[in-house]
Amino acid sequence: QVQLEESGGGLVQPGGSLRLSCTASGRAFSRFGMGWFRQAPGKEREFVAAISWNHGTTSYKDSVEGRFTIAVDKARNTGYLQMNTLKPEDTAVYYCAAGHYSVYAYEYDSWGRGTQVTVSS
């Protein structure tokens, strides 16, 4: 099992930026993909971005493509989600996940506890 811990959430004004981090410990992260998902109040958890840990292949939710960038630092066993030009509709709890590279939550078997991102003026 991989243990995941997110950090970097917070309150930001519309148009601002945040960088979320996801640090993995336990079983090696390198064979897996990493995904970011989010859940807004009263809504289902939804896919945001994913990256193949070894190949660097990426996928994004349409509404974040061009604004968000997912990346990994293999030496630090850490993944990142750089979020630029944030909008109020990006407000949610963001979760990182480890598993098979996929846009589907069920393909991931390890999850962090989440970090709150609030975009508001």
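Excluded from the calculations below are hydrogen atoms, water molecules and symmetry mates; all remaining heavy atoms, backbone and side chain alike, are included. Predicted model, so just to flag it, every value in this text is computed and none were measured.
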Worked check of side-chain contact (heavy atoms from CB on, under 4.5 Å) between I51 and Y80: CA-CA 10 Å; I51 187 166; Y80 303 95; over 6 Å; no

What's the verdict on side-chain contact (heavy atoms from CB on, under 4.5 Å) for M83 and V117, showing C-alpha distance, side-chain angles and the deciding distance? CA-CA 10 Å; M83 306 186 294; V117 171; 3.8 Å; yes

R38/L81 under side-chain contact (heavy atoms from CB on, under 4.5 Å): CA gap, chis, key distance, verdict: CA-CA 12 Å; R38 67 187 183 188; L81 184 68; over 6 Å; no

Is there a side-chain contact (heavy atoms from CB on, under 4.5 Å) between V12 and S17 once you walk through the steps? CA-CA 7 Å; V12 64; S17 298; over 6 Å; no

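One finds the CG atom of D90 at 11.0 Å from the OG1 atom of T118 (value rounded to the nearest 0.5 Å). For the atom pair CZ (R113) and CD (Q3), the distance works out to 11.0 Å, reported to the nearest 0.5 Å. In this structure, Q82 CD and I70 CD1 are separated by 12.0 Å, a value rounded to the nearest 0.5 Å. Annotation: the span from R67 atom CZ to T69 atom OG1 amounts to 11.0 Å, rounded to 0.5 Å. To the nearest 0.5 Å, atom OH of residue Y94 and atom CG of residue L18 are 9.0 Å apart. Rounded to the nearest 0.5 angstrom, F47 CZ and W36 CH2 are separated by 12.5 Å.
Using a 4.5 Å heavy-atom cutoff, the side chains of K74 and N54 are in contact. The shortest side-chain heavy-atom distance between Q116 and L11 does not fall under the 4.5 Å cut-off.
Cluster annotation: L20 and V72 are assigned to the same hydrophobic cluster (Ile/Leu/Val/Met/Phe/Trp/Tyr, side-chain heavy-atom contacts under 4.5 Å, transitive). By the criterion of side-chain heavy atoms lying less than 4.5 angstrom apart, applied directly or through intervening Ile, Leu, Val, Met, Phe, Trp or Tyr residues, Y108 is not grouped with V64; the two fall into different hydrophobic clusters.
At least one donor-acceptor pair under 3.5 Å links the side chain of Y101 to the backbone N or O of T58. Judged by distance alone, the side chain of S52 and the main-chain N or O of T57 form no donor-acceptor pair under 3.5 Å. When atom types are taken as modelled, the side chain of Y95 and the backbone of E6 share no donor-acceptor pair closer than 3.5 angstrom.
Nearest heavy-atom pair across V103 and S59 is CG1-CB, 4.2 Å. When every heavy atom of A40 is checked against every heavy atom of T91, the shortest pair comes out as CB-O, 3.7 Å. In this structure, S120 and P14 approach most closely via the heavy-atom pair C-CD, 3.6 Å. The shortest heavy-atom contact between S102 and A50 is O-CB, 3.5 Å.
A cation-pi arrangement is absent between R45 and F37, since the terminal nitrogen or guanidinium carbon is not both under 6.0 Å from the aromatic centre and inside a 45° cone about the axis.
Under a cut-off of 6.0 angstrom, the local environment of CD in E89 is crowded, with over 12 non-hydrogen atoms contributed by other residues, nucleotides or ligands.
Aromatic ring orientation, Y104 versus Y106: parallel (interplanar angle below 30°, classes split at 30° and 60°).
For E5, there are no side-chain hydrogen bond (donor to acceptor under 3.5 Å, both in side chains) partners, not counting sequence neighbours.
Within the structure, disulfide bond (SG atoms under 2.5 Å apart) contacts touching residues 52-112 (residues at least two apart or in different chains) are C22-C96.
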